[in-house]
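Just so you know, these numbers use all the heavy atoms, side chains as well, and skip hydrogens, waters and symmetry mates. All ligand and atom numbering here is 1-based and tracks the order in the structure.
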Amino acid sequence: MNRAVVYYSLSGNTKEAAKVIARKLGAKIFEIDLVKPLPKNTVRQMIVGGMQSTFGRRPKIKGVPDNIDYYDEIILGMPVWAGMPASPVNTFIKNYGVADKIDAVFTFSGGGDNDRCLLQLSKSLKNLKNQVALADRNSNAAKDNQEKLEKFVMSIK
Ligand SMILES: Cc1cc2nc3c(=O)[nH]c(=O)nc-3n(C[C@H](O)[C@H](O)[C@H](O)COP(=O)(O)O)c2cc1C
């Protein structure tokens, strides 16, 4: 089974978890990048990223190989933006034609909203079997991340 972990991360939480998951599963790892990065200013990031995600926009991305459909199984990671999947992930799911290969997702949020995001994802990912909601490193709930990640990896194995 060829597995790939594909993720987008703005401030490093998802990236860190993606590396752990890929290492434990022996999977390839690819980072989605925005062609036009978000503004550096945090408030502007919230506005631009929040609007893009709310309206399901698909900003241009790079970093994912064209032959990503070579992989049998894709594990997708992202932060929650405005209660929705971060917008770069919309581009990946819809433009790369790999929705049916994504069978596991992991999301990061600052407080809540993971459930809303996961519900949204489950509408377009019909083969989704495993999911885990993780908390930003600055949140109290982050203490449970490691245990949740272990369980997530075990459920995929
Ligand atoms: C544009 C934007 C929108 C966000 N919206 C939410 C939200 O609706 N709910 C929430 O709990 N956290 C929200 N966050 C916080 C991130 O989901 C959280 O910090 C996450 O851990 C970041 O992951 P990363 O470090 O991989 O980028 C938002 C962050 C950004 C930049």
Side-chain angles (χ1 to χ4, degrees), residues 3-25 27-65 68 71 74-96 98-99 102-125 128 130-153 155-156:
R3 284 190 176 124
V5 173
V6 179
Y7 71 95
Y8 171 78
S9 183
L10 180 64
S11 53
N13 288 274
T14 314
K15 182 177 194 146
E16 206 174 297
K19 284 184 182 169
V20 172
I21 295 166
R23 182 168 39 80
K24 287 184 188 271
L25 291 174
K28 285 272 185 198
I29 183 166
F30 300 102
E31 179 170 16
I32 300 171
D33 250 330
L34 278 170
V35 170
K36 185 179 174 206
L38 283 194
K40 294 250 183 290
N41 174 285
T42 316
V43 176
R44 284 174 188 229
Q45 277 179 0
M46 285 288 180
I47 296 168
V48 176
M51 292 287 273
Q52 286 184 357
S53 295
T54 300
F55 294 107
R57 295 268 149 76
R58 292 187 235 168
K60 282 196 177 134
I61 60 168
K62 56 185 181 179
V64 180
I68 191 72
Y71 293 93
I74 295 172
I75 299 151
L76 181 63
M78 78 214 71
V80 174
W81 284 358
M84 302 285 277
S87 55
V89 162
N90 295 334
T91 318
F92 175 64
I93 294 175
K94 298 199 176 116
N95 293 20
Y96 284 71
V98 287
I102 301 169
D103 63 359
V105 295
F106 56 106
T107 63
F108 268 89
S109 82
D113 296 323
N114 270 316
D115 289 348
R116 208 179 130 202
C117 177
L118 288 165
L119 182 66
Q120 187 65 26
L121 288 164
S122 67
K123 289 181 193 164
S124 55
L125 306 177
L128 190 58
N130 295 298
Q131 55 192 54
V132 65
L134 301 159
D136 188 278
R137 57 170 90 85
N138 294 316
S139 150
N140 285 339
K143 62 177 178 357
D144 300 328
N145 281 355
Q146 198 179 337
E147 195 182 329
K148 285 183 177 180
L149 261 185
E150 295 284 344
K151 280 192 188 150
F152 179 65
V153 168
S155 64
I156 294 170

Below 3.5 angstrom, do we get any N/O pair linking Gln45 and ligand 1?
no
Ligand 1 N/O within reach of Gly49 N/O, cut-off under 3.5 Å:
no
How far is atom 2 (C) of ligand 1 from its nearest protein heavy atom, and which residue and atom name does that atom have?
Trp81 CD1, 3.3 Å
How close does the nearest protein non-hydrogen atom get to atom 10 (C) of ligand 1, and which residue and atom is it?
Gly110 N, 3.5 Å
Distance under 4.0 Å to a non-hydrogen atom of Leu10: what atoms of ligand 1 satisfy this?
24 (P), 26 (O), 27 (O), 31 (C)
Between OH of Tyr96 and CD1 of Ile74, what distance do you get to the nearest 0.5 Å?
11.0 Å
Return yes or no for this condition: an N or O of Tyr8 is under 3.5 Å from an N or O of ligand 1.
no
How far is atom 23 (O) of ligand 1 from its nearest protein heavy atom, and which residue and atom is that?
Pro79 CB, 3.4 Å
Exceeds 12 heavy-atom contacts within 6.0 angstrom, atom NZ of Lys148:
yes
Ranking Ser139, Gly111, Ala135, Ala82 by closest non-hydrogen atom to atom 11 (O) of ligand 1, top hit is Gly111
Which of Lys15, Glu16, Met78 passes side-chain contact (heavy atoms from CB on, under 4.5 Å) with Tyr7? It is Lys15
Nearest-contact summary for atom 25 (O) of ligand 1 - protein heavy atom, Å
Ser11 OG, 2.5 Å
Would you mind running through ligand 1 and noting each atom that sits below 4.0 Å from a heavy atom of Gly50?
1 (C)
Polar atom proximity, Gly12 to ligand 1 (N or O, under 3.5 Å)
yes
To the closest 0.5 Å, what do you measure between NZ (Lys151) and CD (Gln146)?
12.5 Å
To the nearest 0.5 Å, how far apart are CZ in Arg44 and OG1 in Thr42?
11.5 Å
Proximal atoms of ligand 1 relative to Gly83 (non-hydrogen, under 4.0 Å):
7 (C), 8 (O)
Measure the spacing between CD1 of Ile21 and CD1 of Ile75 and express it to the nearest 0.5 Å.
7.0 Å
Side chains of Asn90 and Arg57 in contact at under 4.5 Å (non-hydrogen atoms):
no
Which residue is it: Thr91, Val64, Thr14? I am looking for the one with a side-chain contact (heavy atoms from CB on, under 4.5 Å) to Ile32.
Val64
Would you mind finding which of Asn114, Val80, Thr14 brings a heavy atom closest to atom 4 (C) of ligand 1?
Val80
Counting non-hydrogen protein atoms only, what is the nearest one to atom 18 (C) of ligand 1? Give residue, atom name and distance.
Asp136 OD2, 3.4 Å
Among all protein heavy atoms, pick out the one at the shortest distance from atom 7 (C) of ligand 1; state its residue, atom name and that distance to 0.1 Å.
Asp113 OD2, 3.5 Å
Between Asn13 and Leu134, is a side chain to side chain contact (heavy atoms under 4.5 Å, CB included) present by the stated rule, with each step listed?
CA-CA 9 Å; Asn13 288 274; Leu134 301 159; over 6 Å; no
When every non-hydrogen atom of Leu34 is compared with those of Tyr8, the smallest separation belongs to CD1-OH, 3.9 Å
